[in-house]
Amino acid sequence: MATDATGREPKYQRIAKALKAEIQSGALGPGARLPGENDLMSQHGVARMTARQALGVLQSEGLTEARKGVGVFVRAFQPLRRRGIPRLTREQWGSGRSVWEADLGGRDLVVDDVEVREGAASGNAARVLGVEEGERVWIRSRRFVLDSKPVLLSTSYLPAPLVEGSAITQPDTGPGGIYARLAELGYGPVHFREEIRSRMPLPEEVAKLRLPAGTPVMLICRTAFAEEGRVVEVNEMVLDAAAYVLEYDFDA
């Protein structure tokens with residue numbers, strides 16, 4: 001925990017902690033307006049910059065969002081718990097269900113901006129797929145919108161010779177999605193690997209995900225392997241970090 005020169009927690013952190021406690025207790029519920037900078041200055045006897053920093057802490061943690069010219073509000077959107085292991089089981093996609101159904105809990109999901117094309121793989125995807133950079137692959141790009149809020153951008157890269165002429169090259173892949181269709185082709189995934197990192201978003205990601213200022217994104221790169229270690233898909237995802245809880249539950 002950061003402290004000032006006297007060893008005490010900075011004032012802006014103490015103010016942010018108090019506001020956070022109100023949010024977590026429900027005293028400030030979803031959609032509630034937080035005290036403004038002038039209110040915090042008066043209540044706590046601090047300078048404007050201190051009040052601004054306190055509000056900035058809550059925004060950076062994804063608890064609040066600023067509405068230009070109106071104020072700062074508790075985020076009404078409840079984060080999605082992404083269960084990284086059960087969502088990818090063969091029982092899930094093999095029974096015709098989307099891997100997303102493991103996460104939704106009845107919430108409303110829309111997949112839009114679907115684009116399916118042949119093109120060059122990204123540098124990372126080409127390396128993992130074992131193809132030359134610039135070699136043509138099938139690319140599936142889409143955006144996931146949960147409860148009317150964009151939360152994820154996803155781009156899958158698949159070997160062209162493997163999926164040519166299959167439903168994977170169509171906008172609607174059918175029940176069970178990509179993995180069910182790969183299984184029908186004899187290349188059903190038997191193993192997955194996910195790599196996770198974070199950064200600040202690119203301008204186009206801010207626009208597509210409608211991100212509040214200061215919100216980072218999480219990057220998940222998933223690789224799907226068929227028998228004998230053959231890579232059949234590389235999926236590069238960009239997630240609104242404030243919209244997700246990543247859960248990995250497994251036995252020791």
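Cluster membership for L129 and V163, using ILVMFWY side-chain heavy atoms within less than 4.5 angstrom, is not shared. No single ILVMFWY cluster, assembled from side-chain heavy atoms under 4.5 Å apart, contains both L209 and L146. No chain of hydrophobic side-chain contacts below 4.5 Å, direct or via other Ile, Leu, Val, Met, Phe, Trp or Tyr residues, connects W138 to V234. Follow the hydrophobic side-chain contacts under 4.5 Å out from Y244 and you reach V111 in the same cluster. Connection of I178 to L109 is established within a shared hydrophobic cluster, with ILVMFWY side chains joined at heavy-atom distances below 4.5 Å, either directly or through further cluster members.
The number of heavy-atom neighbours closer than 6.0 Å to CZ of R197, taken from other residues, nucleotides and ligands shown, is 12 or below. The local environment of CD in Q43 is crowded, with over 12 non-hydrogen atoms from other residues, nucleotides or ligands closer than 6.0 Å. Annotation: M200, atom CE; neighbour count of heavy atoms from other residues, nucleotides and ligands within 6.0 Å is above 12. Residue E135 qualifies as enclosed at atom CD: its count of foreign heavy atoms under 6.0 Å is above 12.
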Distance-only check: which donor-acceptor pairs under 3.5 Å involve side-chain atoms of residues 28-40, not counting sequence neighbours?
| unit_1 | atom_1 | unit_2 | atom_2 | d |
| --- | --- | --- | --- | --- |
| R33 | NE | V70 | O | 3.3 |
| R33 | NH2 | V70 | O | 3.4 |
| E37 | OE1 | R48 | NH1 | 3.1 |
| E37 | OE1 | R52 | NH2 | 3.2 |
| E37 | OE2 | R52 | NE | 2.9 |
| N38 | OD1 | R48 | NH1 | 3.1 |
| N38 | OD1 | R48 | NH2 | 2.7 |
| D39 | OD2 | G36 | N | 3.0 |

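For E247, the salt bridge (charged side-chain N to carboxylate O under 4.0 Å, His left out) partners are R81, R83, not counting sequence neighbours. With sequence neighbours excluded, the residues that form a salt bridge (charged side-chain N to carboxylate O under 4.0 Å, His left out) with D112 are R143.
Within the 4.5 Å cutoff, the side chain of V238 has no heavy atoms near those of the L202 side chain. With a 4.5 Å cut-off on side-chain heavy atoms, V245 and L80 do not count as touching. Residues F73 and T64 are not in side-chain contact: their nearest non-hydrogen atoms beyond the backbone lie 4.5 Å or more apart. Under the 4.5 Å side-chain criterion, counting only non-hydrogen atoms from C-beta, Q53 is not in contact with Q13. When side chains are defined from C-beta on, I139 does not count as touching V116, because their heavy atoms never get closer than 4.5 Å.
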Next item on the list: Using the salt bridge (Lys or Arg N to Asp or Glu O under 4.0 Å) rule, take R82 and E194 through it: C-alpha gap first, then chi angles, then the decisive distance, then the call.
Entry: CA-CA 13 Å; R82 182 184 187 273; E194 288 193 341; 2.9 Å; yes
Margin query: Does M237 form a side chain to side chain contact (heavy atoms under 4.5 Å, CB included) with F144? I'd like the steps, not just the answer.
Written below: CA-CA 10 Å; M237 293 166 271; F144 293 80; over 6 Å; no
Notebook entry, point to check: Given V206 and E204, is the side chain to side chain contact (heavy atoms under 4.5 Å, CB included) satisfied, shown in steps?
Noted result: CA-CA 5 Å; V206 171; E204 58 267 30; over 6 Å; no
Next item on the list: Evaluate side chain to side chain contact (heavy atoms under 4.5 Å, CB included) for V151 paired with L239, printing each intermediate quantity in order.
Entry: CA-CA 6 Å; V151 294; L239 293 71; over 6 Å; no
Checklist line | Intermediate values then yes/no, salt bridge (Lys or Arg N to Asp or Glu O under 4.0 Å), E236 and R222 | finding: CA-CA 7 Å; E236 296 179 339; R222 182 170 67 232; over 6 Å; no
Checklist line | Audit row: D113, S141, side chain to side chain donor-acceptor pair (under 3.5 Å) steps and yes/no | finding: CA-CA 7 Å; D113 291 350; S141 300; over 6 Å; no
Next item on the list: Just do the salt bridge (Lys or Arg N to Asp or Glu O under 4.0 Å) check on R75 and D240 with the steps written out, would you?
Entry: CA-CA 13 Å; R75 287 188 67 152; D240 173 355; 3.7 Å; yes
Next item on the list: I would like to know whether L58 and L19 meet side chain to side chain contact (heavy atoms under 4.5 Å, CB included); could you show each step before the answer?
Entry: CA-CA 8 Å; L58 299 178; L19 291 170; 3.6 Å; yes
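The minimum heavy-atom distance linking Y157 with A120 is given by the pair CE2-O, 4.3 Å. Nearest heavy-atom pair, K11 versus G45, reported as atom, atom and distance to 0.1 Å: NZ-O, 4.5 Å. In this structure, L162 and L182 approach most closely via the heavy-atom pair CD2-CD2, 4.1 Å. Here the shortest heavy-atom pairing between A16 and A54 reads CB-O, 3.7 Å. When every heavy atom of S156 is checked against every heavy atom of R142, the shortest pair comes out as OG-NH1, 3.0 Å. Here the closest non-hydrogen pair linking A121 and A126 is CB-N, 3.8 Å.
Atom CG of residue D108 and atom OG of residue S148 lie 6.5 Å apart, to the nearest 0.5 angstrom. Here the CD1-NZ distance, from I15 to K20, works out to 15.5 Å after rounding to the nearest 0.5 Å.
With salt bridges taken as basic N to acidic carboxylate O contacts below 4.0 Å, none links E205 and K208. A salt bridge is defined here as a Lys NZ or Arg NE, NH1 or NH2 lying under 4.0 Å from an Asp or Glu carboxylate O, and R67 with E65 meets this definition.
Counting only distance, with no hydrogens or angles, the side chain of R181 and the backbone of T173 share a donor-acceptor pair below 3.5 Å. With hydrogens and angles disregarded, a donor-acceptor distance shorter than 3.5 Å links the side chain of R136 to the backbone of E118. With R140 contributing its side chain and Q170 its backbone, the two residues share a donor-acceptor pair below 3.5 Å.
Side-chain contact of E164 with T169: a donor-acceptor pair under 3.5 Å is absent, judged by distance alone. A side-chain donor from one of Y179 and E233 sits under 3.5 Å from a side-chain acceptor of the other. S154 and N235 are linked by a side-chain donor-acceptor pair at a separation below 3.5 angstrom, with hydrogens and angles left out of the test.
Judged by a 6.0 Å distance limit and a 45° cone about the ring axis, R193 is not positioned over the six-membered ring of F225.
For residues 39-58, no residue pair satisfies the ring pair (Phe, Tyr, Trp, His ring centres under 6.0 Å) rule, not counting sequence neighbours. The ring pair (Phe, Tyr, Trp, His ring centres under 6.0 Å) pairs that include a residue from residues 13-37 number zero, where partners must be two or more places apart or lie in different chains.
In the hydrophobic clustering, where aliphatic and aromatic side chains (Ile, Leu, Val, Met, Phe, Trp, Tyr) are joined below 4.5 Å either directly or transitively, M41 stands alone.
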